[in-house]
Number of protein chains: 2
Amino acid sequence: MSQHTSRPDVQRSRHHQTPPTLATVADEAGVSRQTVSNALNNPDLLRPETLERVQSVIERLGYSPNRAARQLRSGASHLIGLRFEPAQEGTSNALMDRFLHTLVETASRTGHHVLLFSGNPQDPLDGYEDLLRSTAVDAFVVTDTYAGTPQSGFLQERGAPFVTFGRPWDEPDADHAWIDVDGAHGARIATEHLLEQGHRRIAWLGWEKTSRIGQDRRSGWEAAMRAAGVETAGLGVRLTDNVDAARMAAHALMEDPSITGFVCASDTLGIGVLHACAERRLRPGVDVGVVGFDDSLAAQVTWPGLSSVRQPLEQVAVEIVRILHTVLAHQPLEERGRMLRPTLVVRRSSTRTG
Amino acid sequence: MSQHTSRPDVQRSRHHQTPPTLATVADEAGVSRQTVSNALNNPDLLRPETLERVQSVIERLGYSPNRAARQLRSGASHLIGLRFEPAQEGTSNALMDRFLHTLVETASRTGHHVLLFSGNPQDPLDGYEDLLRSTAVDAFVVTDTYAGTPQSGFLQERGAPFVTFGRPWDEPDADHAWIDVDGAHGARIATEHLLEQGHRRIAWLGWEKTSRIGQDRRSGWEAAMRAAGVETAGLGVRLTDNVDAARMAAHALMEDPSITGFVCASDTLGIGVLHACAERRLRPGVDVGVVGFDDSLAAQVTWPGLSSVRQPLEQVAVEIVRILHTVLAHQPLEERGRMLRPTLVVRRSSTRTG
DNA sequence: CCCCCGCTCTGGATCGTTCCAATCGTAGAT
DNA sequence: ATCTACGATTGGAACGATCCAGAGCGGGGG
């Protein structure tokens with residue numbers, strides 16, 4: 001009856017069932033293996049009635065193609081590699097959570113999964129090499145691309161498909177796909193918001209000069225201040241990303257009572273400013289306006305609510321998956337990179353009417 | 001010269017290099033494929049000098065076995081599946097981040113990677129089925145096992161290897177491996193800490209009665225209070241997990257000035273209590289003692305620092321990987337489940353000497 | 001009437017690895 | 001000298017899918 005050497009019927013008696021294979025389905029439907037394969041991958045090649053017959057058998061047996069076999073033959077693993085770092089300094093890692101979830105969800109819509117790997121923190125390339133050699137993933141998403149990281153150069157040279165979350169900062173000959181969030185724009189709208197609230201002398205609490213992302217955000221504050229005709233001399237400070245540093249810097253700045261606005265490169269710094277306010281019995285929102293960056297959970301729950309610049313991480317993830325598909329299909333990109341705009345979440349730390 | 005049909009030498013001229021295969025290595029080293037395979041998987045079968053020769057060729061060519069082929073033949077994908085949910089209510093998702101990173105790192109030590117997948121939030125089983133059928137993962141880690149979730153039953157029935165982070169609450173016939181954190185113990189040490197600080201009438205701010213985890217934590221508070229001989233009537237309240245609910249509940253409780261301690265089922269609730277303190281001009285730590293749960297970032301940065309029960313998530317991840325290896329090796333488990341103890345991180349919200 | 005084409009469908013070959021049985025050579029026992 | 005045992009290595013088969021070339025079958029054009 002069966003022309004294929006299908007597995008014996010013992011299978012159903014065993015506890016740990018062997019899943020049905022393509023050959024099982026073919027036998028059951030009375031067609032060849034290739035026809036079943038086509039039913040899955042090129043349904044329009046089949047006659048409608050054959051297609052339906054095969055599909056009903058697939059349904060009945062609960063068949064899913066074996067991923068290893070598919071990958072071996074076709075070369076595509078349908079896996080997207082992402083190196084998962086421990087809590088990054090500066091950018092709160094709750095960010096990563098929001099991003100990652102949308103990435104997983106979006107990728108799954110097209111049958112892709114996300115594979116997490118780790119590597120020696122000292123070596124930013126560790127882990128990539130092995131996955132490439134063993135052809136374990138189809139593409140990479142690279143997230144930790146602050147200036148000077150070698151991942152993109154390495155992957156480009158190896159001809160591996162990838163997209164970075166983060167623009168190529170100082171690499172003129174980089175020509176890979178990227179997505180980034182316009183930090184300068186975020187700082188600008190935050191500053192403009194405080195200007196609208198009537199603040200004039202608005203301080204910037206940012207990171208060390210070595211942080212390219214920090215410099216970018218700061219430039220948005222500078223631009224907004226310049227546009228408003230306000231001098232910035234003495235208003236911008238550079239700190240490490242922790243609450244106490246910001247608290248003390250805010251105290252120093254508040255010695256000058258004309259300074260009533262604070263735009264910060266992170267929520268951590270913003271919360272530091274709120275602490276200084278509390279210690280000086282100044283009312284956030286009313287006496288002083290404060291805006292943070294990244295809209296972390298801490299910004300939401302802290303008293304009295306910290307306004308913050310929110311990155312469109314969900315959109316970033318969706319775009320990344322879209323671009324990956326384009327790259328994997330060997331289609332030309334419409335654009336090398338795309339910049340997304342963050343939005344401002346206003347809370348009571350910056351509203352006088354609250 | 002070459003007895004195997006190895007790929008043509010053109011490979012080196014192409015940009016997107018084809019990685020070397022086992023056959024390439026075998027040719028180069030003048031041995032059979034099987035010998036190379038043994039060099040990787042059963043090195044002690046080879047004569048030392050053969051082993052060394054093969055290894056040096058592997059090194060020189062930069063060979064890694066193709067994962068798809070290996071998986072197809074041996075049946076093991078070396079992937080661990082984890083359904084990655086969006087921000088879970090109640091348990092802050094920053095928790096997940098800490099856990100996940102250690103999981104990825106620990107798993108990678110034995111050549112395993114973590115595969116994230118998603119599923120329809122309405123259907124807790126969605127996603128598992130497909131991965132099982134397509135034999136894409138070796139095992140699952142199940143994290144969202146509050147009471148009544150069907151994952152463990154389903155996986156057990158299917159004979160799939162898995163470990164849950166979370167004990168089987170109301171399933172007497174469950175016999176799968178699990179790891180959990182003793183929430184009752186966490187609440188107990190938090191309560192005892194406040195008792196030591198001189199508080200007597202200590203309130204509990206927890207979740208609805210339907211939350212099994214919440215009930216467990218509450219029981220720790222009750223036990224500590226009973227041991228100290230303090231009546232708990234009227235001191236325990238049930239809330240939804242948000243700041244305002246806790247703030248208002250705290251206000252109501254503080255009408256009774258004998259109530260000076262607050263143990264909370266989450267940091268979010270703990271922060272609500274801190275807000276109430278601020279509004280009443282009560283000094284956290286001095287006038288009132290507050291302890292939260294989960295040691296989130298918010299607990300660390302909030303003013304004046306929220307004491308919190310910290311789960312040993314890194315240890316949980318390590319244990320899970322250990323158990324997975326035992327299960328995958330078909331070795332018997334020493335114990336069905338293991339309970340880990342959380343620790344208390346003391347900050348200024350609960351210290352009078354601070 | 002025949003040929004050719006396109007639509008369906010088929011069966012063998014193949015991807016790169018590990019499993020399996022068999023082979024070879026050498027040493028120790030008979 | 002012959003047999004057995006064993007350590008080291010080998011080559012064919014298999015895992016389950018897709019690629020590829022080709023076969024059967026009608027139908028339209030010459």
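All chains are named by letter (A, B, ...) in the order of the sequence lines, taking the proteins before the strands, and each is independently numbered beginning at 1.
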side-chain hydrogen bond (donor to acceptor under 3.5 Å, both in side chains) involving A:Ser134 - partner list, sequence neighbours excluded: none
Taking five pairs at each end, how big is the angle between the two axes of the helix from C:dC1-D:dG30 to C:dT30-D:dA1, to 10°? 60°
How many Å lie between CG on B:Leu22 and P on C:dC19, as a whole number? 12 Å
State which residues pass side-chain hydrogen bond (donor to acceptor under 3.5 Å, both in side chains) with A:Glu52; sequence neighbours excluded, sorted by chain then number. none
Considering residues at least two apart in sequence or located in another chain, which fulfil the salt bridge (charged side-chain N to carboxylate O under 4.0 Å, His left out) criterion with A:Arg133? A:Glu129
Could you tell me how far apart B:Asn41 (CG) and C:dG16 (P) are, to the nearest whole angstrom? 17 Å
Member of A:Val163, A:Asp175, A:Val327 meeting the side chain to side chain contact (heavy atoms under 4.5 Å, CB included) criterion with A:Leu333: A:Val327
Which residues satisfy the salt bridge (charged side-chain N to carboxylate O under 4.0 Å, His left out) test with A:Arg73, sequence neighbours excluded? none
Checking B:Thr135 now: which residues fulfil side-chain hydrogen bond (donor to acceptor under 3.5 Å, both in side chains) with it, not counting sequence neighbours? A:Asn66
Considering only distance and modelled atom types, tabulate donor-acceptor pairs under 3.5 Å from the side chains of residues 55-65 of chain B, sequence neighbours left out.
from, atom 1, to, atom 2, distance (Å)
B:Ser56, OG, B:Arg53, O, 2.9
B:Ser64, OG, A:Asp130, OD1, 3.4

If I take atom CZ in residue B:Arg33 and atom P in nucleotide C:dC19, what distance separates them, rounded to the nearest angstrom? 13 Å
Does B:Ser32 place a side-chain N or O at less than 4.0 Å from the phosphate oxygens OP1/OP2 of D:dG11? no
Residues from residues 68-76 of chain B sitting under 4.0 Å of DNA chain D, heavy atoms only? B:Leu72, B:Arg73
Enumerate the residue pairs fulfilling side-chain hydrogen bond (donor to acceptor under 3.5 Å, both in side chains) with a member in residues 106-116 of chain A, sequence neighbours excluded, ordered by first and then second residue. A:Ser108-B:Ser118, A:Thr110-A:His325
Salt bridge (charged side-chain N to carboxylate O under 4.0 Å, His left out) partners of B:Asp138, counting only residues at least two apart: none
So, under a plain 3.5 Å distance rule, would you say the side chain of B:Arg67 forms a donor-acceptor pair with the base of C:dG16? no
I'd like to compare against my own output: the B/S/- annotation of nucleotides 21-26 of chain D with a strict under-4.0 Å heavy-atom distance to protein. ------
For A:Arg336, which residues count as a side-chain hydrogen bond (donor to acceptor under 3.5 Å, both in side chains) partner, sequence neighbours excluded? none
Could you state the atom-to-atom distance from CZ of B:Arg47 to P of C:dC24 in whole Å? 17 Å
Between C1' on C:dT17 and CG on B:Asn38, what's the gap in Å once rounded to a whole number? 12 Å
Write down the distance between CG (B:Leu40) and P (C:dC19), rounded to a whole number of angstrom. 12 Å
